[in-house]
Amino acid sequence: MNKNKLETGQGFIRKWEEKQLYKAEENKNNKKYILIEFPYPSGERLHVGHARSYCCLDAVARWLRMKGSNVLFPFGWDAFGLPAENYAIKTGVHPSVTTRENIDNSSKQAKDWGLSFDWSREINTTDPGYYKWTQWIFVQMFKKGLAYKAEIPVNWCPSCKINQANEEVIDGKCERCGTPVTRRNQSQWLLAITKYADRLLDGLKTVNYRSDIAAQQVNWIGRKEGAQIRFKILTQSTLREQNSNDKYLEAFTTRIDTLFGVTFVVIAPEVADTLAEMVPESRKEEVKEYIRAALNKSERERKQKKENTGVDTGLVAENPADGKKIPVWVAEYVMTDVGTGVVMGVPAHDARDLEFARTFKLPVIPVIEAGRSGELYEGEGKLVNSGRYNGMDSILARRQMTKDGLGKSSVTYHLRDWVFSRQHYWGEPIPMIECKKCGWVPVPENQLPVKLPEVEKYLPTDTGESPLAHIEEWVNTTCPNCGGPAERETDTMPNWAGSSWYFLRFCDPHNDNQLADKKKLKYWLPVDLYNGGMEHTTLHLLYSRFWHKFLFDIGVVPIPEPFDKRTSHGVILGSDNRKMSKSRGNVINPDEIVSKYGADTLRMYEMFIGPFEQTVVWSIESLEGVYRFLKRIRVLAEGTGHKSGSEEAGSKLAELAVRIGRDLEVMKFNTAVAAMMEFANWWGEHKAEMGIDEARDFIKILAPMAPFMAEELWQRLNGESDKKMFVSVHQQGWPESTVVRDFNITVTLAVQVNGKVRALMESHKADEEERVREKALQLENVRKYTEGKKCKVIFVPGKVINFVISDD
RNA sequence: GCCGGGGUGGCGAAAUGGUAGACGCAAGGGCCUUAAGAGCCCUCGGUCCAAAAGACCAUGCGAGUUCGAGUCUCGCCCCCGGCACCA
C-alpha cells in the first residue's frame, strides 16, 4: 500500500451498505433525530460548504450510534428551483432529467464522503408521491382560511419575471439576479403566517435554538405593542353637524402617552389615494400630483433617504385627546405596510417627526418633561401639557390613556403574510380551480397530486403569467363542485414549499395514505438537532415552523414545535478571504480533495478549520496538517505489537473519549480534532505504553470523525474471526465506559506567591494540601519570597497552590 | 438607531475564575535521501540577558470585584451579522 495516500474506501462503503449500519427503525429506545438541511441538486454538485455541515453532523450521528442511540440521519433533495428551469429554457431539456442527473452525481459525492445517511429514506420534493402531500397541506390551509387570494402589490423582478416574497428581496433587489424589484399589483395566493405570529414567537421559548438564531426570528416577527388612535377628519359638513358617515384616520403608535403633543397627521401616499376626493378643491391638483409621483417610484427609490417631501392636503383632523384641530399631510416617508400607513406626528418626541415639522414649519409641543427644553426627547418621563394626565409617568400614562379610550390597544408585526404564488414551471402546481359560479375550489384530495404537465415553452410570459397558462387542455377543466367549466390555477408554489415539511416525511417516506404515520411521527419528533445556513433563519426556518404548527392544529403532527435544537454553520471563504465563486476562481472542489487526500482528510479538516458557527477561510496548508496527522496515526497503529499497554494510557484514552464526546455534544469539532492530535503526539512519545487494546480504543474514538481510516486500522488489528465476518468499527460501543482511574496521575501544579506563578511542581492528583504545601515551600524560587513571612494558603487540588503573604 | 456575536502570537485558534497561547499552519535550524517528495527531531509572544536561571510586559481601552480576571461587573472604542424613514 502506498503510505502517502489515503484510500477512498469504496470497498468499505459497499460493506457498510450491505450491513445496513445506518438504517433507522422505530423499534428501539433512545431515539435521536439528527437533521441537516437537504440540498438543492445543482449542476455544480455539493461544495465544501455542504461538506462542512454534513461531515460535522455525521460525526455527531456516528458518535450517538456508538453511544447506543437509535439515530435517524436522513438525506434528500429540495429539487424544485430555478437553475434546472433556466437550463430547460436554454436547452429544452426537461428539468426532471437535469435534476435526476444532478441527484445521481451528488449522491455519489455524499457516499464518497462517508456520510452515514439512511439512504432508504431518501426523498425528493419533485417526486409526485412527495408533492402530493405538499399540495394536500395547501388544500388544508385553504379550507381553514389560511390560504387566500388577493390583489396585492408584489415585488416583481423584471428580469426573472417573477414575484417575490418580502423575505426574498435583498436590499430592494432580486435575490436571484440582483435586478432592482418594482412594485406591481397582481392577484396572488397568500398564506396567513401573520395569524401564527404570536405562537411562532411564544414557541421560541420552548425550544433550544442558538441564541442568535432565536433573536433573529424575534426580530423578524417584530411584534410591537401600542395603540390605534382614531383621528376624525373634519370636513365642511362634519364641522356643522354630527354625521354617521364620519371618516377617520387610524394611526398606530407605541407612544400614546404623547398624544397631546400631536401637531399633525401624516399619511402614506397609498392611503391618501383613497381620500383624494375629500381634499378641498384648492389643493386637489397639487395633492394628486404628489401622490401620483410617489406611487410611480419603486420601493427602492421610496426608501432612499433624502430631502423631506410632503404636501398639506388641506384636510383637518381632530385630536381625540383634546379636540384640537390638526392638519393632515401626505408624505413619502410614511409606508403603507408599516403600522396602518398613518402616523401621528409628535415632533417633540420623535426624531423623524421633528425633522418633518422643521421642514414644513409645523408647531412643536413638548408633552414629556425632559432634562432640557426645546430639544428632542424620546425617553420616558412625567407628562406635561397633557390635561388631566399632567404629572403622570409616561409608562403609566400609556396604560391609563388606553384604558380611558383615547386609543384601542393594538399590536403590529414586521412579519407579513407569505406571498405564495410563483409564475414558474418547475414548482408544485397550486391545486386550485376557479369556477365562475363557485369561486376558488380546491382540487379534491383523491385527485391529488396535480401533476406538472409537459410544456413546450418553459419561459414565463411578459404579462407575468406562468408557462402553464399556455396549455389550454390542462388549464380548462370542470369545477369539482358544480361540474361547470372552470380553470386551473397556473401559478406554482415557491421553493420554500417542499422544504416546509420534509422533516416529517423522513419519518415515514413511503407512505401513500398520509403524509406520515402519526405513530412514527410521535416516535421521531421533534428533530433533536437541526443544522442549516444562517440565511434560512427568517425564511425556511420560520416557514417550516408555521406549517408544522398548522399541521399540529389539524391533528396531523403530535407536537407543536418541530425542532428542538437549531444550529448553524459558518460560511467557508476562499483562501483569498472572499466568497467562493467561479468568476473569482477561488472555488475548492471537494472531490479533488477526496481523490488527492482521502475523504477522512476532507472530513477532519472541515471539522478542524475553525469554530463551527464562524466564517472561516480555506487553507490548503492547514488541510495538509490534518493529512499528516492521519498518516501518522496509521504508522503508530501499525507499529503496535504487544497486546496491552500501560494503565496511564488506558486512563488517558478514557479521558479522551469523554472529552471528544463533550466536544461533539456542544459542536466544538475543532477542539475534538485537536484532542485527537494531542493524543497522537503523546502516543508518538510513549509508544511502549500503547498496546493493541489501547490502539483499538483510540480507533473507536477516531471512528466518528475519520470512518475510513478507523475501519482500515480496525480491520488490521482485528482478530481472525472478526476479520472473516467483517465486524465493523462502526458497530462498536463508545469506549468511555472505562472508568477514568484517579490513581496517582502526575500533574504539574502551579506554585504562586501573591497570585504570581513562581514555580512549577510535580504532584499527584490525590495529594493533600499539607503535603503539597510543605513540598512547595522547599522550592527555592518560592522560599525566596515567602521565607519568614506569614502566609495564607489557597490550594486548588491538581491545579494551583497560592501563598498569599499577609501584611503583618 | 435597535437586536445578536466578537476583539488573544506572523496566521487559524485554545483556555468549568486557577500555569495565557493547547492543537494546527507558517518560519528558522538539524537528521535521512544521489536528488526530489515524504518523514523524523529541535526552536518559536515581547523586552532585559552572550546564554541559562530569573525578572518584567502582554488577551481592544479605562476602572472595579477577587488570593488570583482573557473569563465576572461598570464605562468606552472598534469589527462582523441581522433589522430599520418601524410610526
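Note: hydrogens, waters and symmetry copies are ignored here, and every other heavy atom, side chains too, is used.
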For the side chain of [X], starting at C-beta, report the closest nucleotide among [options].
X: A:Arg628; options: B:G39, B:G24, B:G4; result: B:G39
X: A:Met677; options: B:G24, B:A22, B:G18; result: B:G24
X: A:Val757; options: B:A13, B:A87, B:A20; result: B:A20
X: A:Phe608; options: B:C23, B:G4, B:A87; result: B:C23
X: A:Lys799; options: B:A22, B:U16, B:G54; result: B:U16
X: A:Ala215; options: B:A20, B:G4, B:G39; result: B:G4
X: A:Lys756; options: B:U19, B:C56, B:C23; result: B:C56
X: A:Asn681; options: B:A84, B:G4, B:G24; result: B:G24
X: A:Phe252; options: B:G82, B:A87, B:A15; result: B:A87
X: A:Thr254; options: B:G5, B:A87, B:U19; result: B:A87

With a non-hydrogen cut-off below 4.0 angstrom, is [X] in contact with a base, only sugar-phosphate, or nothing?
X: A:Val800; result: base
X: A:Gln752; result: base
X: A:Phe629; result: nothing
X: A:Thr748; result: base
X: A:Arg758; result: sugar-phosphate
X: A:Asn670; result: sugar-phosphate
X: A:Arg255; result: nothing
X: A:Leu749; result: nothing
X: A:Thr253; result: sugar-phosphate
X: A:Tyr785; result: sugar-phosphate
X: A:Val342; result: nothing
X: A:Asn781; result: sugar-phosphate
X: A:Asn219; result: base

In whole angstrom, give the distance that lies between atom [atom1] of [X] and atom [atom2] of [N].
X: A:Asp337; N: B:A84; atom1: CG; atom2: P; value: 11 Å
X: A:Leu415; N: B:C83; atom1: CG; atom2: P; value: 13 Å
X: A:Asn308; N: B:C85; atom1: CG; atom2: C1'; value: 9 Å
X: A:Arg659; N: B:A22; atom1: CZ; atom2: P; value: 13 Å

If the [atom1] atom of [N] is compared with that of [M], how far apart are they to the nearest Å?
N: B:A27; M: B:C11; atom1: C1'; value: 11 Å
N: B:A69; M: B:U59; atom1: C1'; value: 11 Å
N: B:G9; M: B:G46; atom1: C1'; value: 10 Å
N: B:G45; M: B:C79; atom1: C1'; value: 23 Å
N: B:G7; M: B:A13; atom1: P; value: 10 Å

| Position toward the 5' end of RNA chain B (nearest nucleotide), A:Ile794 or A:Ser211 | A:Ser211
| Residue closer to the 5' end of RNA chain B, A:Glu678 versus A:Ile609 (nearest nucleotide) | A:Ile609
Can you tell me the Watson-Crick or wobble partner of [N], both distances under 3.5 angstrom?
N: B:U59; result: none
N: B:C83; result: B:G1
N: B:U66; result: none
N: B:C44; result: none
N: B:C49; result: none

| Quiz item: A:Glu621 side-chain donor-acceptor pair to B:G24 base, under 3.5 Å | no
| field | Quiz item: A:Asn802 side-chain donor-acceptor pair to B:C67 base, under 3.5 Å | value | yes
Without hydrogens or angle criteria, can the side chains of [X] and [Y] be said to hold a donor-acceptor pair below 3.5 Å?
X: A:Arg352; Y: A:Tyr333; answer: no
X: A:Tyr605; Y: A:Glu624; answer: no
X: A:Glu250; Y: A:Thr340; answer: no

| request: Name the orientation of the base relative to the sugar in B:G9: syn if the glycosidic angle is within 90° of 0, else anti. | output: syn
Just checking, [X] and [Y]: is the charged tip under 6.0 Å from the six-membered ring centre and within 45° of the axis?
X: A:Arg566; Y: A:Tyr209; answer: no
X: A:Lys631; Y: A:Tyr627; answer: yes
X: A:Arg545; Y: A:Phe563; answer: no
X: A:Arg773; Y: A:Phe795; answer: no

| Can you list the steps and then say if A:Asp257 with A:Arg255 is a salt bridge (charged side-chain N to carboxylate O under 4.0 Å, His left out)? | CA-CA 5 Å; A:Asp257 51 305; A:Arg255 292 299 299 270; 2.9 Å; yes
| task | Check whether any side-chain heavy atom of A:Ile593 lies under 4.5 Å from a side-chain heavy atom of A:Trp618, and answer yes or no. | result | yes
| request: Check whether any side-chain N or O of A:His414 sits under 4.0 Å from OP1 or OP2 of B:C83, and answer yes or no. | output: no
